[in-house]
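Working notes for the structure below.
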Amino acid sequence: MTKKFKITHPFKRTVLLSIGMIIMAIGVAFSIKAELGTSSISSVPYVTSVISGLSVGVTTIIINCLFIIAQILILRKRYNWFQLLQLPAVVLFGVMIDVAGIMLKPIPVSNYFEQWVLCIIGILLVGFGVSLEVMANFVTTPGEGLVLAICKVTPIKFGNMKVIFDVILVCMAIVLSLAFLHRLDGVREGTVASAIFVGLISKLFTQPLKKLKTRFA
């Protein structure tokens with residue numbers, strides 16, 4: 001995980017978080033357009049979108065709301081109610097996935113190489129968005145918040161739990177896809193590439209973002 005920068009002004013932190021969520025959403029839209037598989041955190045929303053006919057943005061909001069509820073049930077009195085700000089953040093995220101998806105519709109994709117170009121753009125954007133989210137240090141994403149909640153009530157370290165959580169999501173997407181669609185959808189080589197490179201790309205953006213620290217602090 002990239003190093004967190006401390007930004008004290010709430011408005012600036014909110015703006016930075018919002019920009020990060022929007023960039024991440026555009027990155028997810030690029031991954032969906034590429035049709036090479038989405039990131040682990042978007043795999044279940046994507047598959048449930050295909051199954052239900054709802055947009056990916058809507059299923060993203062619904063599933064992340066379930067993550068928030070799960071955090072509350074796990075932590076109970078220990079739950080920090082400030083983290084309910086995850087809700088408007090994820091609504092913005094879901095809406096922007098759909099908006100970006102509409103904007104990307106006219107882009108033609110005719111071969112495997114072009115699919116990978118879109119997939120790589122998506123991975124880069126998600127990695128950059130994650131860097132901005134971490135730099136904002138405001139609220140966590142619902143998925144990350146759920147992992148942190150589990151870590152608070154179990155002896156499992158965050159890094160290990162994050163890997164377990166991502167694997168569970170991918171497995172759920174595979175099972176749902178095979179059970180309801182009778183084919184594998186939403187989990188492909190792009191999913192593997194995202195799992196490997198998003199974190200690395202996020203770290204690469206750390207140094208350039210350090211130069212912006214004094215402007216936002």
Side-chain angles (χ1 to χ4, degrees), residues 1-2 18-64 67 89-134 141-144 162-163 165-178 181 183-205:
M1 183 177 290
T2 53
S18 299
I19 294 173
M21 298 298 284
I22 291 171
I23 292 175
M24 286 172 62
I26 296 172
V28 170
F30 266 97
S31 297
I32 293 172
K33 179 70 177 180
E35 297 184 347
L36 289 179
T38 62
S39 63
S40 57
I41 196 67
S42 296
S43 58
V44 174
Y46 176 79
V47 172
T48 52
S49 170
V50 177
I51 294 171
S52 65
L54 298 172
S55 70
V56 179
V58 171
T59 54
T60 295
I61 293 170
I62 293 172
I63 289 173
N64 278 275
F67 289 163
V90 80
V91 169
L92 172 65
F93 183 58
V95 169
M96 287 308 303
I97 289 175
D98 286 345
V99 171
I102 293 171
M103 294 174 64
L104 293 177
K105 271 188 178 181
I107 298 178
V109 183
S110 57
N111 57 59
Y112 192 60
F113 174 76
E114 291 177 352
Q115 286 180 284
W116 266 112
V117 170
L118 293 178
C119 184
I120 291 170
I121 292 173
I123 291 172
L124 288 170
L125 289 172
V126 171
F128 182 52
V130 168
S131 296
L132 292 177
E133 176 213 331
V134 173
T141 61
E144 186 177 287
K162 183 66 168 66
V163 172
F165 183 69
D166 288 347
V167 170
I168 290 173
L169 290 178
V170 171
C171 289
M172 286 178 61
I174 292 172
V175 170
L176 288 170
S177 181
L178 295 176
L181 303 175
R183 67 177 189 275
L184 187 59
D185 200 353
V187 179
R188 284 185 55 180
E189 54 269 44
T191 305
V192 177
S194 177
I196 294 172
F197 292 109
V198 165
L200 295 175
I201 291 168
S202 179
K203 290 180 181 179
L204 287 176
F205 281 117

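FYI, side chains are in, hydrogens and waters are out, and symmetry mates aren't considered; it's all heavy atoms of this structure. Worth saying up front: this structure is predicted, and the values here are computed from it rather than measured.
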Mind listing the closest non-hydrogen atom pair of [X] and [Y] along with its distance?
{"X": "Ser131", "Y": "Phe205", "answer": "OG-CB, 3.5 Å"}
{"X": "Thr59", "Y": "Ser52", "answer": "CG2-OG, 4.1 Å"}
{"X": "Ala25", "Y": "Met96", "answer": "CB-CB, 3.6 Å"}
{"X": "Val28", "Y": "Val126", "answer": "N-CG2, 3.9 Å"}
{"X": "Leu169", "Y": "Ser40", "answer": "CB-O, 3.7 Å"}
{"X": "Phe93", "Y": "Met21", "answer": "CD1-O, 3.4 Å"}

Please tell me if the side chains of Glu133 and Thr141 come closer than 4.5 Å, counting only heavy atoms from C-beta onward.
-> yes
Do Ile174 and Val170 touch side chain to side chain, with heavy atoms closer than 4.5 Å?
-> yes
Crowded around Phe113 CZ? As in, over 12 foreign heavy atoms under 6.0 Å?
-> no
Only one of Leu132, Leu124, Leu125 forms a side-chain contact (heavy atoms from CB on, under 4.5 Å) with Phe128, so which one is it?
-> Leu132
Donor-acceptor check, side chain of [X] to backbone of [Y], threshold 3.5 angstrom: yes or no?
{"X": "Ser49", "Y": "Pro45", "value": "no"}
{"X": "Lys33", "Y": "Lys105", "value": "yes"}
{"X": "Ser194", "Y": "Ile123", "value": "no"}

Measuring from [X]:[atom1] to [Y]:[atom2], what's the distance to the nearest 0.5 Å?
{"X": "Thr38", "Y": "Ile32", "atom1": "OG1", "atom2": "CD1", "value": "6.5 Å"}
{"X": "Ile51", "Y": "Tyr46", "atom1": "CD1", "atom2": "OH", "value": "11.0 Å"}
{"X": "Phe67", "Y": "Ile41", "atom1": "CZ", "atom2": "CD1", "value": "5.0 Å"}
{"X": "Cys119", "Y": "Phe197", "atom1": "SG", "atom2": "CZ", "value": "10.5 Å"}
{"X": "Ser110", "Y": "Gln115", "atom1": "OG", "atom2": "CD", "value": "9.0 Å"}
{"X": "Met24", "Y": "Ser42", "atom1": "CE", "atom2": "OG", "value": "7.5 Å"}

Sorted by chain and residue number, the salt bridge (charged side-chain N to carboxylate O under 4.0 Å, His left out) partners of Asp98 (sequence neighbours excluded) come out as none
Taking it one step at a time, do Ile62 and Leu54 satisfy side chain to side chain contact (heavy atoms under 4.5 Å, CB included)?
-> CA-CA 11 Å; Ile62 293 172; Leu54 298 172; 4.3 Å; yes
